[in-house]
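Quick notes on the structure that follows.
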Number of protein chains: 2
Amino acid sequence: MLKLTKRTEYGLIALTHLAQRQGEVVPAREIGDHYPIPRRLLAEVLKDLCNADLVASTRGAHGGYALVRPAQELSLGEIVSALEGAPTVSSCGDENLLHGENSCDVQPICPIRSPLVKIKDKIWQMMLTTSLASLAEPHKPYRSLASQTQANGLVKSSIKSP
Amino acid sequence: MLKLTKRTEYGLIALTHLAQRQGEVVPAREIGDHYPIPRRLLAEVLKDLCNADLVASTRGAHGGYALVRPAQELSLGEIVSALEGAPTVSSCGDENLLHGENSCDVQPICPIRSPLVKIKDKIWQMMLTTSLASLAEPHKPYRSLASQTQANGLVKSSIKSP
DNA sequence: AATTATCGGCACTACTTGAGTGCGGATTGA
DNA sequence: TCAATCCGCACTCAAGTAGTGCCGATAATT
């Protein structure tokens with residue numbers, strides 16, 4: 001439903017925490033102590049971040065995790081990719097496109113494929129150009145899009161209640 | 001997993017089709033004939049679009065659906081809202097926020113709430129400022145974000161395979 | 001050498017959501 | 001009357017998400 005998973009949420013919490021102690025090795029236990037996150041799941045998430053080379057792990061006593069790069073050089077896109085795969089918008093926008101521009105199951109007359117790809121690209125662009133640091137800083141403006149007025153008169157009572 | 005549903009995909013197909021015959025009443029059957037979409041599902045989607053007042057329905061023989069507004073004044077955000085609810089990014093970004101800024105289940109010490117809201121807002125802003133018409137037009141540029149370079153050196157081999 | 005704290009990997013259950021379908025009823029034009 | 005259309009309810013099936021359990025491997029401390 002166009003939402004990030006809990007894994008990503010927990011990952012962002014963990015990475016933000018690691019960013020505050022940049023370079024230091026922090027055990028997962030410490031992160032788990034600070035936030036109401038299931039410890040076991042947090043460990044799972046950190047493992048994935050480690051496999052994606054976003055954090056480095058040290059084993060044994062006094063072990064833990066540390067950011068590999070400073071938060072300014074960590075993009076939201078990388079984090080999301082590591083924890084739930086690159087964002088796709090629908091069937092058409094899947095990794096099919098990454099491997100040769102066809103194999104869409106709605107192939108011959110799909111007037112929507114291009115639009116879906118556009119949407120996916122927009123979201124993806126945003127994520128690649130958004131750093132972890134900019135998300136963590138509370139007062140950073142992000143109004144680059146708010147000035148656009150392509151379509152207007154929107155957002156009436158059309159919000160569907162869950 | 002941060003993707004739009006099939007419902008939205010089918011909805012965009014239908015709306016694009018209706019846009020091409022702007023004002024005319026088009027039966028769902030005609031749309032179903034043109035694209036490989038399960039007819040029954042398409043009807044479901046059109047019903048939702050009708051309930052959201054994005055299309056108008058005419059019953060009886062020679063009935064069908066028609067766009068209520070021109071495609072230039074239909075935002076992607078409205079369509080997504082009608083078909084799968086307003087986009088949320090995670091538990092924190094839910095409709096809780098719409099009703100008074102608290103009741104987040106990770107309340108007191110959640111350094112990630114603000115970031116998640118930022119992400120949601122960015123996506124939502126993009127959708128509200130993107131019209132159906134701009135998605136349907138094949139050659140429309142949408143590079144307003146591509147020039148940004150907050151974070152760089154990204155998208156290495158960190159794309160997780162499904 | 002034993003202990004303890006940490007990460008690593010496998011596999012499993014329960015729950016939620018999404019995709020798709022069936023059926024009969026109501027409305028309207030021919 | 002008949003046929004084409006929209007309308008509404010409810011249901012199954014598959015896939016993804018959240019969360020947990022267990023035990024082994026590693027390394028510092030004692």
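By convention in this document, chain letters (A, B, ...) are assigned in the order of the sequence lines, proteins followed by strands, and residues within each chain are numbered from 1. Everything quoted here is computed from the prediction, not taken from an experiment.
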Take the protein atom [atom1] of [X] and the nucleotide atom [atom2] of [N], then report the distance between them rounded to whole Å.
X	N	atom1	atom2	value
B:Leu83	C:dT17	CG	P	17 Å
B:Leu2	C:dG18	CG	C1'	16 Å
A:Ile37	D:dG19	CD1	C1'	13 Å
B:Leu41	C:dT17	CG	C1'	14 Å
B:Leu42	C:dA19	CG	C1'	14 Å

Quiz item: Any side-chain donor paired with an acceptor under 3.5 Å for B:Ser131 and B:Gln72?
Solution: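 No pair is found: no donor N or O on one side chain lies under 3.5 Å from an acceptor on the other.
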
Exercise. State the CG-OH distance between A:Leu54 and A:Tyr65, to the nearest 0.5 angstrom.
Key: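 Result: 12.5 Å between the selected atoms.
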
Quiz prompt | B:Tyr10 side-chain N/O to C:dG20 phosphate OP1/OP2 under 4.0 Å | solution =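 Indeed, a polar side-chain atom of B:Tyr10 lies that close.
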
Exercise. Please test A:Lys3 against A:Glu9 for salt bridge (Lys or Arg N to Asp or Glu O under 4.0 Å), starting from the C-alpha separation and ending with a verdict.
Key: CA-CA 10 Å; A:Lys3 68 196 279 186; A:Glu9 177 174 350; over 6 Å; no

Self-check item: Closest approach of A:Leu128 to A:Ser75 (non-hydrogen atoms, all atoms of both residues)
Solution: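 Nearest pair, atom of A:Leu128 first, then A:Ser75: O-CB, 3.5 Å.
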
Self-check item: Residue list, side-chain contact (heavy atoms from CB on, under 4.5 Å) with A:Val25, at least two apart or on another chain
Solution: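 Partners of A:Val25 by the side-chain contact (heavy atoms from CB on, under 4.5 Å) criterion, ordered by chain and then number, come out as A:Thr58, A:Ala66.
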
Exercise. Name all residues meeting the side-chain contact (heavy atoms from CB on, under 4.5 Å) criterion together with B:Ala71; count only those two or more places apart in sequence or in a different chain, and write none if there are none.
Key: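 B:Ala71: side-chain contact (heavy atoms from CB on, under 4.5 Å) contacts with B:Ala19, B:Leu132, B:Ala133.
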
Self-check item: Shared hydrophobic cluster for B:Val80 and B:Val68 (ILVMFWY, side-chain gaps under 4.5 Å)
Solution: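 No: no chain of side-chain contacts under 4.5 Å links B:Val80 to B:Val68.
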
Got a list of protein N/O to nucleotides 12-14 of chain D N/O distances below 3.5 Å?
none

Practice problem: Take nucleotides 6-13 of chain C nucleotide by nucleotide from the 5' end and write B, S or -, depending on whether a protein heavy atom sits under 4.0 Å from the base, only from the sugar-phosphate, or from neither. | Solution: BBSBB---

Self-check item: With B:Glu24 via side chain to side chain donor-acceptor pair (under 3.5 Å) - residues at least two apart
Solution: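 Counting only residues at least two positions away or on another chain, B:Glu24 forms a side chain to side chain donor-acceptor pair (under 3.5 Å) with B:Arg21.
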
